Structure formats: structure tokens, C-alpha cells
Asker: 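One structure, pasted below without further comment.
Computed from a predicted model, the values in this text were never measured in an experiment. These values consider heavy atoms only, across backbone and side chains, with no hydrogens, waters or symmetry-generated copies.
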Amino acid sequence: MSTAIDNIVNQPYTAGFKTDIETDSVARGLNEDVIRTISSKKNEPDWLLDFRLKAYRHWLTMNEPKWSNVTYPKIDFQDIIYYSAPKPKATKKSMDEVDPELLETFEKLGIPMNERAALAGVAVDVVFDSVSVTTTFKEKLAEHGIIFCSFSEAVRDHPDLIKRYLGSVVPYTDNFYSALNSAVFTDGSFCFIPKGVKCPMDLSTYFRINTQDSGQFERTLIVAEEGSQVSYLEGCTAPQFDTNQLHAAVVELVALDNADIKYSTVQNWYAGDENGVGGIFNFVTKRGLCKGANSKISWTQVETGSAVTWKYPSCVLLGDNSVGEFYSVALTNNMQQADTGTKMFHLGKNTRSRIISKGISAGKSNNSYRGLVKVSPKADGARNYSQCDSMLIGDLCGANTFPYLEVGNKSATVEHEASTSKIGEEQLFYFLSRGIDSEEAVSMIINGFVRDVFMHLPMEFAVEATKLLGLKLEGSVG
Amino acid sequence: MISNNAEVILNAQDLSASITGTQILKGFDITIKAGEIHAIMGPNGSGKSTFSKVVAGHPSYSVDGGILEFRGKNLTDLEPDERAKLGIFLGFQYPVEVPGVTNGAFLRLAYNTVQGARGKDELDPLEFDDYIQSKLNLLGMDAEFLERSLNDGFSGGEKKRNEILQMAILEPTLAILDETDSGLDIDALRVVANGVNTLHADADAVVLVTHYQRLLNYIEPDFIHVVDGGRVIKTGDKSLAHELESRGYEWILEENRSSVS
């Protein structure tokens, strides 16, 4: 293992947490025995072990992709611990033990007191009764027949659903990281909305913060049956510190006829320090299948964390008249790198897709939009609109746009617009000369820039995300 | 209106300033009192725009010597936003465009920030709408103007009107209008001039930085300063403007050069 990675992996827990030695973990490295161990420790059925082994054998034949516009030290896949459970939660007795800087961040983000405790790793039942909150929440969902639980629970309690849908949108053969995830994933979320049910509340991973630590190979599966509706919120705006270096999650969404899935992410993983030391590599495969006619999948993402982000939440528009949307804000500062965008596959007739991407680069960071719009020969009347805007803050950062358009049907309409702007000294001076200080000025300019995307976020999320952007850019200007 | 007992609003004595090592202002002197309108004129590159930016605190310029005071307070260590809160306003020659930020939101933030600094109450969006309506009327502007992105896609005339609108709502003690007349047709010029005349009061001062005499037909200055080589080389009353109109700058520049040598 190179010293660079060694340093990254072995850096002290930034949040000031104590790392206890884990007893229940398998040895470093990956082979079939490790996978069998993971599967047996989780008491999995044979078909799931089969799925893992097939994925692993396929992964062995694959090469790590190199086409993205990011650079990072080589990852030694034999030097990762693939199973360590249950992770000892570094619990604190009271908020007094929490890093004051972290508390200040919560304050600035306006995160409610009870959530602050949960996020900081304080034993929350001291502060509030997390159990009762979670229980009330689950009871309410159960009334509607909605299933929302950890992936492991789902494998145990709803094996038929998992068997039917796992890998149906992102097959293990899809790419290097999805194959790796399929072989070694330890947990994640499962969500099922039955026919005709409109989920009465936004489903948020907040509710699972303290009950699960799904680790670096997370698996999410959301199935919306005919005519159902769900809005799912992933992640949170609070900084998420983690010693894991590589995160390779897989998210699969399935929308049947007339179903509507809205998936919102605010990603704020540890981004490394200003010199680019440390930070998470976030290599995620997210894809939604609009399987039924008139179905709709909408991705909204706000990417502000990670040292390297590499993800393309995509839509496969199979059902006629189905709709795919991608709204994205990717912010990079200091030495961060992001190569993110979407893929829209138009297969059904009269399918529509809309892409609004806003990249913000500050510091010495590099931010790329990469997007594919593919219209198959059978997709009569397909329509796409893409808009990719980049904003540069300072002189040392970079922004790139890589649009790929493959149109195989003459009746398709595909539009692409792109722009690049810059927050420069003159723009700031203009605001300053009206009494507005530079932080407020930057925040106002940025909020104006991201407005088209943030309007698609659920309200509370949008408020927090707005504050988050301001926080991430603190001190990057002037 | 000139009054000898009026408060000194801006005092610059032997002011020198530079940008990236090049000295632009070289001993600039000016005294501006409450109630007065001053015009600063001069050929391109004479330093008149630099003077306005230095007063507003543009970060690219450094003050290397001399005195720069606003109502007796040293300005040189203050940030531009602090100067704005004191009551200094710069009307830009080239206002920047900011897509996505609505003009109305920007104006309200600026207004509330400056009001807050004066110890006055902030206005919520509805109250602000009422407040700004009279100002819009004064400048012949439509309310839909507030919904548009700040200066984004504005015509030259609209941008300049927007500057005067900002001056109208911020009610500065010292307004410096940098080449506000450039790029305006005659009707727009009249509207802008009318706005400035209406807003000007005994307690504040206005500085018009301009290359042409044209604006001075509509706004009558009490003093005219001719700038060359980074300093004021001649100061006179409004008759100087007419002399400049008919004879150009050359004779003053000549006069000055011969007196120097």
C-alpha cells in the first residue's frame, strides 16, 4: 500500500471520536472465503450468496475504470476490511464531549437540537427518545403498507421482493464498482411503496442514523408499485466524518406504471483538508428504471463533500411517456474533485428527460459535468432538455462540461445549453459598495445560481442546503 | 446649494493612489461640503474614475499617501461595505450582471443592510414593495424591473437607471456618479438627471464624474474640477463647463503644463 493511502486510512478520527479496536471483523483483503464469511455472518439465504459470488467472479475479470476527469492514488482492494460488524458506535455521554467546531457547524446549519445529538454520536436517548420517534414513524408507514427498513432486515423479512428487484436496475456486471458492491455490500436501505399508495411523509435516512451504520458499500433499493408516490431523502447536511476511504454504493429505483419517485441527496462527506489530504472517494452507481408507462423518476442532488466524487444518477426510460429528471448542484472547494452528471436512456415512446446541472468550483478544485442522453431507434417522440452551468470562484479552479448525445430516432428533440460564469473582484465590489459584506454577497450570488435546482428540494432540505453552501464557501473569497 | 458653514462631507488632500504598482492619483485635492454638487471632468486616463473607485474603496487600488476623510473620519482603512454603511454611494460606469439574483431581492438586502447600520428598522418584502414604488415612479421604471435578474440583459440605459434607483433607496450622504451619462440617450439622460436633482438635498453632496459637458445642462454643478495626470489642475464654477464645451480641455492642460515648467 502506498504511503499516501496509508496516511489517508490511518489519519486520526477527525471528529475527535475514539476508534476502538473491532473484534468482530474479517481479515483484510477480498476472496471467496471473505464473501462466504460475510454472507454467513448475516445469515443470508443461498441465492444471495450466489449473487455475491457471481458478482465477485465477474469483478475479477474487470479493470478499474480510468475515463473520468479525476486523479487519486491507486486503491489497493486487498487492503480493505470488507466486514466489520457491528461497528462500535463511538458514543458520548453528553453534548459537552462533542467537538465544539462540529457544534458550531450544526448551529450554522440550523439543525434541530435532537438531530445534532444523533449526528454527533451522543447517546441520543439521554437527549431525546429516539426509539419512540422511530417507532411512531414506522407504525404510521405500516398503516399504509409501506416498508422502510434496513437492507438486512428486508432480506430476512421480505426475501421475495429483494430477490425480484435486486440487481434488476444495476446488474452486478454494470461496472467495476457496482460489481464490487454486489459482492461485498453489508447493509443499506429498502423501501417499498405498494400499489396506489402516496407515501404520507418524506422518507429520510435521518430516521436511521443511529440504528444502522451501513458502511462503505451501501445498497439502496426503492420500489414504487403502480400509481404510488414517494419522496426519499438521502444523507444530511451535517458533516459526515468517516475513516473509510472508499465508498462504493449502489442505489436502484424501480417505478412501475404511473409511479413517481423523487430522490433527493445532500452529500457532505469529509472532503479532506485544504491541502487535499484525506477525504472520502465517493464512487456511486445510482440508477432509476421507469419500468411502467407514465412513470417518473426525479433525482435532485447537492454534492458538497468527498475528496473525489464520481457519480451519475441515471434514468432508464423504458415505459412509454415516462419522465426522467436530474437536478444537480456540485460544489468543489480546496483540492476537491467531482466528475458527476447523469445518463438518460430513452427507450419508450414519448419519453421526456430534463437535466439541470450547476457546478460551482472554488479554491484549487476541479468540477466536471458529464452527461449522456441516448435516444434508441424505437423511442419515437423522445424529448430532452439539458442545461449545464458552471461558476468559478477565484482563478485556480477548473470547470468542464462533457455532454454526450446519441440520437437514434429522427423524431427526437434534444437541446443542450451550457454557460460558464465567474465570481470576480468586480462582482464582489459591486455588492460591497452597496453595504453587503463579501460572505453575504457570495451567498446571494451562489443562491441565485442554484435557484433552479434548489426549488426541487423538499423545503427543509433546501433551507439547510442553502446554509451548507454558504458554510462550504466560507473564506473562499476575499 | 453652497453654504460656507456647511459640513465637510469629503476631504481629500494630496491623495495619491496606485494600482499594481502604477501610480494613478498624484496629489489629488478636493473638498466637498453638504448641499453641493461637484463635477469632476477631464480627458480619458486622467484619473477621475480612479478617484471615485478609491473613495468607494475598490480593493485593486492602494492609497499611498495623503488624506482621505468622510465627515472627518479617515476612510483609508475601511472596507467598501463599511464605507457604504457610512453613506458613501458609487454609481457604476459599468454595473455588473448577476444572473439568478433578482433585482428586488438585491435592492432589499442593500437597503436593509444600510438601514440596519443607521439603527433603523428593516423592511419585510411587502413593506419594501410599498417603499420602492415611489422611487420607481420617480425614475419612470416599471415594477417588473424588480423581478428581473440584477442588471442581467439590461440595456445600457436600464443599467444606469438601476444605479440611480439604488441611490434613491440608499439615500447616501455622498453620491459619486461615475460616467452615469455615458451610453444614455437624451430621454434617459433627462430622467436620470431629474432623479438626481429631486434626490439631492441640503444635507448631502453629489459628485458627477463625466467626460462630457452634456450632463451638466441638466444637473447644474456648484463646482467643476478639471483633472489631469492624477490631480485637480483647475477648479471653477459652472461657467468653466461652458468654456470647456467651446474650447475643449487642451488650453487648460497647456496652461497647467506651462505653469508647472
Asker: Take A:Phe449 and B:Val101 through the test side chain to side chain contact (heavy atoms under 4.5 Å, CB included) and record every step on the way to the result.
Answerer: CA-CA 8 Å; A:Phe449 180 68; B:Val101 172; over 6 Å; no

Asker: Using a 6.0 Å cut-off, check whether atom CZ of A:Arg383 has over 12 heavy atoms from anything other than its own residue.
Answerer: no

Asker: For B:Glu82, is it the side chain, the backbone, both or neither that has a heavy atom under 4.5 Å from a heavy atom of chain A?
Answerer: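 Answer is neither: B:Glu82 stays 4.5 Å or more from chain A.
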
Asker: Please state whether the side chain, the backbone, both or neither of B:Ala105 comes within less than 4.5 Å of a heavy atom of chain A.
Answerer: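 Both backbone and side chain.
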
Asker: Between B:Leu150, B:Thr113, B:Leu170, B:Val96, which shows the greatest number of heavy-atom pairs under 4.5 Å with chain A?
Answerer: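 Most heavy-atom pairs under 4.5 Å with chain A: B:Val96.
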
Asker: Roughly how far apart are A:Ile436 CD1 and B:Asn112 CG, rounded to 0.5 Å?
Answerer: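 Reported value, rounded in 0.5 Å steps: 10.0 Å.
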
Asker: B:Glu79 and A:Leu432: side chain to side chain contact (heavy atoms under 4.5 Å, CB included), yes or no, with the steps?
Answerer: CA-CA 8 Å; B:Glu79 294 298 319; A:Leu432 287 169; 5.6 Å; no

Asker: Answer yes or no: does atom NZ of A:Lys364 have more than 12 heavy-atom neighbours from other residues, nucleotides or ligands under 6.0 Å?
Answerer: no

Asker: Mind checking whether B:Asp81 and A:Phe431 have side chains closer than 4.5 Å, heavy atoms only?
Answerer: no

Asker: Considering only heavy atoms and a distance below 4.5 Å, find which of B:Ala110, B:Gly116, B:Ser149 pairs most often with chain A.
Answerer: B:Ala110

Asker: Non-hydrogen atoms of chain A under 4.5 Å away: do they reach the side chain of B:Asp152, the backbone, both or neither?
Answerer: neither

Asker: With rounding to the nearest 0.5 Å, note down the distance linking NE2 in B:His58 to CD in A:Glu426.
Answerer: 3.5 Å

Asker: Would you say the ring centroid of A:Phe429 lies under 6.0 angstrom from that of B:Phe92?
Answerer: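 That pair passes the under 6.0 Å test.
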
Asker: I'd like to know which of A:Ser433, A:Gly448, A:Gly435, A:Ser421 tops the heavy-atom pair count under 4.5 Å against chain B.
Answerer: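 Most heavy-atom pairs within the cutoff with chain B belong to A:Gly435.
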
Asker: Using a 6.0 Å cut-off, check whether atom CG of A:Asp395 has over 12 heavy atoms from anything other than its own residue.
Answerer: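 No, the 6.0 Å shell around CG holds no more than 12 heavy atoms from other groups.
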
Asker: Would A:Tyr430 and B:Tyr94 count as a side chain to side chain contact (heavy atoms under 4.5 Å, CB included) here? Give the steps.
Answerer: CA-CA 10 Å; A:Tyr430 191 72; B:Tyr94 304 110; over 6 Å; no

Asker: Side chain, backbone, both or neither: which part of B:Pro172 has a non-hydrogen atom closer than 4.5 Å to chain A?
Answerer: neither

Asker: Give, as side chain, backbone, both or neither, the part of B:Val98 having an atom under 4.5 angstrom from any heavy atom of chain A.
Answerer: both

Asker: Tell me, side chain or backbone of B:Leu90 under 4.5 Å from chain A's heavy atoms, or both, or neither?
Answerer: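 Both parts, backbone and side chain.
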
Asker: Side chain from CB out, backbone as N, CA, C, O: work out which of these in B:Tyr111 comes under 4.5 Å of a heavy atom of chain A, or both, or neither.
Answerer: neither

Asker: Measure the spacing between OG1 of B:Thr102 and CZ of A:Arg451 and express it to the nearest 0.5 Å.
Answerer: 6.5 Å

Asker: Looking only at atom types and distance, does a side-chain atom of A:Arg434 sit under 3.5 Å from a main-chain N or O of B:Leu109, one as donor and one as acceptor?
Answerer: no

Asker: A quick test of your reading: do over 12 heavy atoms of other residues, nucleotides or ligands sit less than 6.0 Å from CG of B:Asp121?
Answerer: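 No.
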
